[in-house]
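Only one structure is covered here, and it is reproduced in the block below.
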Amino acid sequence: MTPRTVWHPDATALQAYVDDEAGAALAASTEAHLLACHTCRLALVPAVTPTRLALVRADLDDRLDAAERPWVERCLRRLGLGEADARVLLAAPSMRRAWWLAVGLALSLGLVAAGQDPAQADALLVFAPLLPVVATAASYAPRFDTALALTAATPYPTMRLLLLRAGAVAVASTALAVVAASALPMGLAGTVSWLLPAVALIVAVLALSTWVDAGVAAGICSAGWLTAVWTAGYGRARPLDPLAVYDVSGQLASIALLGVAVVVLVRHRHRLDPGSPA
Amino acid sequence: MVVAGGTDAAVLGRVAAGDRTALGELYAEHAPWLVLRLTRRCNDPGLVDEVVQDTFVAVWRGAGRWDGRGEVAAWIWGIGVRRLIDALRRTPTATSVLLPEAAGRVASAEEQVLLGVEHGDLGGALVRLSPELRAVVQATVLDGLTTREAGRLLGIPTGTVKTRMMRAKAALRQELA
């Protein structure tokens with residue numbers, strides 16, 4: 001600012017102030033003068049080492065950068081997730097508003113149909129485990145993954161990346177499906193009985209995609225699921241009972257599938273590297 | 001980086017609009033004197049650095065709240081000294097406030113007072129005040145703190161600040177009479 005005073009501390013006085021050797025009155029005058037004098041402020045810049053200023057500045061920038069991240073990322077960081085992990089999670093498709101809108105809309109339409117016809121409600125429940133399966137496969141299949149080139153070139157553990165992203169999508173889509181299923185007149189059993197098969201199918205897709213493309217893996221698993229529904233349904237009653245697959249033996253089969261898939265996935269995890277052809 | 005006079009407010013306006021480059025300009029000019037002035041009140045360089053950082057975070061967030069009156073530097077100092085008080089309260093043992101040798105500053109908004117401090121009797125009168133009284137005058141008058149804030153900075157009760165301020169005024173009145 002334009003100094004409004006005729007008095008400026010000279011170089012000696014400024015130096016005395018910097019060295020803490022200025023008398024009380026001189027120091028008081030200098031400090032008051034500095035508030036209004038642009039020139040004298042600039043004259044003081046060399047008195048603080050550039051390294052110190054740069055270090056404080058770097059920390060300041062870090063803090064401002066951190067504050068600018070989305071609130072979801074800040075929450076994840078507070079939960080103890082590393083910066084890189086949080087960033088990766090946020091890059092998952094389920095973190096897009098468009099994704100939530102699309103999945104939410106699809107489920108709502110299903111619910112509306114189910115409300116008009118109980119048979120449709122059964123169908124919704126049968127297809128419920130497939131929603132997270134397809135969503136998960138789409139989250140990392142090379143043909144859908146917009147961040148593929150980036151992840152392939154990034155030194156980040158592939159398995160970790162895959163599980164984080166698939167996990168984000170699986171959790172989000174499963175949560176949406178739970179909300180939708182709870183709106184059905186099925187009670188608690190109807191709401192949660194499909195969860196175990198869904199988890200098993202998701203891991204099965206991941207395990208299968210160590211051999212084939214994730215999209216193909218999702219297709220195989222979906223077909224397998226529908227076959228299981230069909231087989232279980234016709235074993236009990238005619239006409240087809242679509243929910244028979246959710247009985248005790250169905251749940252046990254899900255646990256078995258989950259176990260096998262986890263073992264396969266862990267053993268073949270290196271093949272999931274996005275840089276190498278599946 | 002020579003900026004024409006009167007641009008501090010313009011730079012702060014850009015900061016308020018979310019311009020990080022502008023914050024960098026503000027930092028380049030104002031961080032050094034802030035470091036020096038805070039160092040005269042707290043002899044822990046690590047804590048001073050932390051306070052400077054806090055101050056500029058607050059400047060970044062609060063730039064829009066600057067009322068446009070007075071000097072930008074005075075506004076920054078107001079933030080800085082209060083952050084220092086907060087920091088000292090968090091780490092009361094790690095730091096000590098420099099009192100007697102840095103004491104003896106006086107109100108200075110008006111040029112007459114400024115010149116008087118340097119060349120007139122007021123400066124001498126201040127120097128002759130006892131260190132405790134000078135510290136109180138410095139904190140309340142020059143640093144612009146409330147009685148309560150001054151008490152926190154100096155580590156004394158609010159009531160003590162008030163009584164010392166009264167004694168300082170009486171002493172100055174006598175000296176200058």
Side-chain angles (χ1 to χ4, degrees), chain A residues 1-69 74, chain B residues 1-9 20 23-24 27-33 35-37 39-40 45 49-50 52-54 56-57 60-61 70-74 76-77 98 100-109 111 113-115 117-119 122-124 126-127 129 134 138 141-143:
Chain A
M1 290 257 165
T2 317
R4 283 170 304 188
T5 169
V6 289
W7 181 80
H8 283 271
D10 57 20
T12 325
L14 277 182
Q15 193 55 47
Y17 174 73
V18 169
D19 297 339
D20 206 3
E21 281 161 6
L26 177 62
S29 302
T30 307
E31 290 186 343
H33 175 75
L34 281 171
L35 292 183
C37 181
H38 170 74
T39 318
C40 289
R41 283 200 292 263
L42 290 187
L44 275 186
V45 170
V48 184
T49 61
T51 325
R52 183 176 181 184
L53 289 173
L55 282 176
V56 175
R57 175 79 204 274
D59 282 350
L60 172 69
D61 280 338
D62 280 352
R63 272 175 68 182
L64 296 183
D65 285 343
E68 273 171 20
R69 302 304 308 163
R74 276 180 280 146
Chain B
M1 195 202 68
V2 176
V3 189
T7 50
D8 262 356
R20 283 277 283 271
L23 186 74
Y27 180 87
E29 177 176 337
H30 293 274
W33 69 260
V35 167
L36 293 170
R37 190 164 173 179
T39 304
R40 293 177 67 85
D49 287 354
E50 207 178 287
V52 171
Q53 204 188 98
D54 283 352
F56 279 92
V57 169
W60 173 250
R61 297 202 179 127
E71 295 287 345
V72 170
I76 293 177
W77 170 250
L98 299 175
E101 59 276 24
R105 290 139 219 226
V106 75
S108 48
E111 287 314 309
V113 175
L114 243 189
L115 294 168
V117 166
E118 181 56 11
H119 304 294
L122 187 54
L126 270 174
V127 174
L129 278 181
R134 250 189 288 144
Q138 171 203 329
V141 183
L142 186 69
D143 288 348

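In what follows, chains are A, B, ... by sequence order, proteins preceding strands, each numbered from 1. Side-chain atoms are counted along with the backbone in the values below, which use heavy atoms only and exclude waters and symmetry mates.
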Less than 4.5 Å to any heavy atom of chain A: does that hold for the side chain of B:Val35, its backbone, both, or neither?
side chain
Just so I know, are the side chains of A:Thr30 and B:Arg37 near enough to count as touching, which here means a heavy-atom distance under 4.5 Å?
no
Shortest non-hydrogen contact from A:Arg52 to B:Pro45?
NH2-O, 3.4 Å
Closest non-hydrogen atom pair between A:Leu60 and B:Tyr27, with its separation:
CD2-CD1, 4.1 Å
Considering non-hydrogen atoms only, spot the tightest contact between B:Pro32 and A:Val48 and give its length.
O-CG2, 3.6 Å
Measuring heavy-atom distances to chain B, does A:Asp65 have an atom under 4.5 Å in its side chain, in its backbone, in both, or in neither?
both
Heavy-atom pairs under 4.5 Å with chain B - which of A:Asp61, A:Leu34, A:Val18 has more of them than the others?
A:Asp61
Within-4.5 Å side-chain heavy-atom neighbours: A:Leu42 and B:Glu29:
yes
Using a 4.5 Å cut-off on heavy atoms from C-beta on, say whether the side chain of A:Leu44 contacts that of B:Leu36.
yes
Can you tell me how far CG of A:Leu35 sits from CH2 of B:Trp33, rounded to the nearest 0.5 angstrom?
5.0 Å
Rounded to the nearest 0.5 Å, what's the gap from NE2 on A:His38 to CG on B:Asp8? Could you check?
7.5 Å
In terms of heavy-atom contacts, does CZ of B:Arg20 have more than 12 from other residues, nucleotides or ligands at under 6.0 Å?
yes
Taking all atoms of both residues into account, what is the closest heavy-atom pair of A:Ala27 and B:Arg40, and its distance?
CB-NH2, 3.2 Å
Spacing of CG belonging to B:Leu23 relative to CZ belonging to A:Arg57, to within rounding of 0.5 Å:
6.5 Å
